[in-house]
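Notes for the one structure printed next.
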Amino acid sequence: AVLLFMNTKLQKIFNVKMCASLVLGCIAVSLHSAKVIVNVGDFSGKDLSGWNEKSFSGATDYRFERQAELNYLYASADKSASALYKKIKIDLRKTPYLNWSWRVDKPLPELNEQVKEGDDYSARVYVIVKRGLAPWRTNALNYIWSSNKAPEQSWPNAFTEKAIMIPLRTRLDASQEWRHEKVNVRTDFEDNFGVKTEMIDGVAIMVDSDNSGLVTAASFGDIYFSAN
């Protein structure tokens with residue numbers, strides 16, 4: 001009876017230790033998963049390290065602003081188009097999800113975005129992949145805030161079929177309100193270009209109004225890739 005009691009007591013201790021180990025293990029896994037992110041744009045930290053500007057027509061005004069204890073990147077275009085881009089290699093096998101927040105501060109009127117005269121967007125975030133050594137051998141996914149009410153699911157850019165426009169938000173989404181996005185870049189590249197893509201080479205943002213000759217503005221929060 002004594003031996004049985006001792007074995008039962010030891011079993012209880014063993015069970016408690018096992019449960020504790022499992023809980024700690026789950027916490028460790030959760031913490032590890034939470035850390036599997038790659039920061040691209042630390043705009044809340046007012047950091048533009050590694051970002052460069054490329055002008056297509058004039059210059060979009062990019063500057064940091066602060067509201068409700070939050071720093072963010074504000075961009076306004078007046079008949080202009082210039083992008084901020086960052087060369088960065090991201091392994092989509094490990095972190096396929098692109099995350100960011102944005103809002104439109106001054107929306108564009110409804111434009112025909114599939115023709116060159118209407119190829120302007122209040123906000124876009126795009127991902128670039130090199131397909132060869134030549135600089136023009138690239139593919140790009142443009143995640144856009146469309147000026148239309150019910151745009152198509154996606155379409156080729158008005159200037160090049162090597163870029164696909166994907167509307168995540170439309171004019172039905174209220175301006176002056178932050179929206180948070182998460183997209184699977186690896187899946188989107190395969191769905192739109194029919195090519196498996198494991199690495200990307202850069203990320204860019206742009207607010208532009210050069211083709212329409214109008215004025216528009218938007219704000220961007222932090223941008224990062226995550227495992228899930």
Side-chain angles (χ1 to χ4, degrees), residues 36-64 72-75 77 80-102 119-145 154-169 180-208 210 218-227:
V36 184
I37 64 171
V38 180
N39 290 312
V40 178
D42 180 20
F43 300 149
S44 62
K46 302 176 70 173
D47 186 3
L48 280 178
S49 300
W51 290 83
N52 296 282
E53 187 168 4
K54 178 176 176 59
S55 174
F56 298 96
S57 177
T60 298
D61 178 27
Y62 294 97
R63 65 178 184 270
F64 287 114
Y72 57 89
L73 187 66
Y74 176 81
S80 59
S82 65
L84 287 184
Y85 70 93
K86 184 172 187 176
K87 293 181 179 180
I88 182 171
K89 289 191 176 296
I90 303 292
D91 189 340
L92 298 180
R93 295 167 298 184
K94 297 179 180 178
T95 52
Y97 292 95
L98 176 61
N99 307 258
W100 76 95
S101 57
W102 57 353
D119 185 50
D120 286 336
Y121 303 95
S122 294
R124 71 171 97 180
V125 175
Y126 51 108
V127 182
I128 304 101
V129 173
K130 293 180 180 179
R131 299 298 187 190
L133 296 177
W136 59 85
R137 295 194 64 183
T138 61
N139 287 140
L141 293 174
N142 286 242
Y143 298 103
I144 62 170
W145 197 306
S154 65
W155 63 88
N157 179 266
F159 289 89
T160 173
E161 293 185 350
K162 295 178 180 179
I164 299 295
M165 320 306 288
I166 302 176
L168 297 183
R169 299 290 172 179
H180 303 279
E181 314 293 357
K182 174 182 281 191
V183 294
N184 189 323
V185 173
R186 189 180 189 187
T187 298
D188 286 343
F189 264 110
E190 185 169 358
D191 289 347
N192 288 278
F193 290 105
V195 179
K196 290 186 181 296
T197 303
E198 296 181 347
M199 299 286 295
I200 66 133
D201 297 283
V203 175
I205 62 173
M206 186 159 73
V207 171
D208 64 305
D210 57 320
S219 299
F220 298 88
D222 291 344
I223 303 173
Y224 62 94
F225 279 85
S226 64

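All figures in this text were calculated on a predicted structure; none of them were measured in a lab.
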Practice task
Just grab all the side-chain hydrogen bond (donor to acceptor under 3.5 Å, both in side chains) pairs involving residues 160-169, residues at least two apart or on different chains.
Solution key: R169-D173, R169-E181
With [X] via salt bridge (charged side-chain N to carboxylate O under 4.0 Å, His left out) - residues at least two apart:
X	answer
D191	none
E198	R93
D47	none

With [X], which residues qualify under side-chain contact (heavy atoms from CB on, under 4.5 Å), at least two apart?
X	value
P96	N184, R186
K94	D91
K182	Y97, N99, S226
S154	I164, I166, N192

Handout entry: Results of side chain to side chain donor-acceptor pair (under 3.5 Å) for S219 - residues two or more places apart only
Key = D105
Exercise for the section: Sequence neighbours left out, what pairs pass salt bridge (Lys or Arg N to Asp or Glu O under 4.0 Å) with at least one residue falling in residues 120-130? Expected result: R124-D208
Handout entry: With Y224 via ring pair (Phe, Tyr, Trp, His ring centres under 6.0 Å) - residues at least two apart
Key = none
Exercise for the section: Sequence neighbours left out, what passes ring pair (Phe, Tyr, Trp, His ring centres under 6.0 Å) with W102? Give chain and number order. Expected result: W100, W145
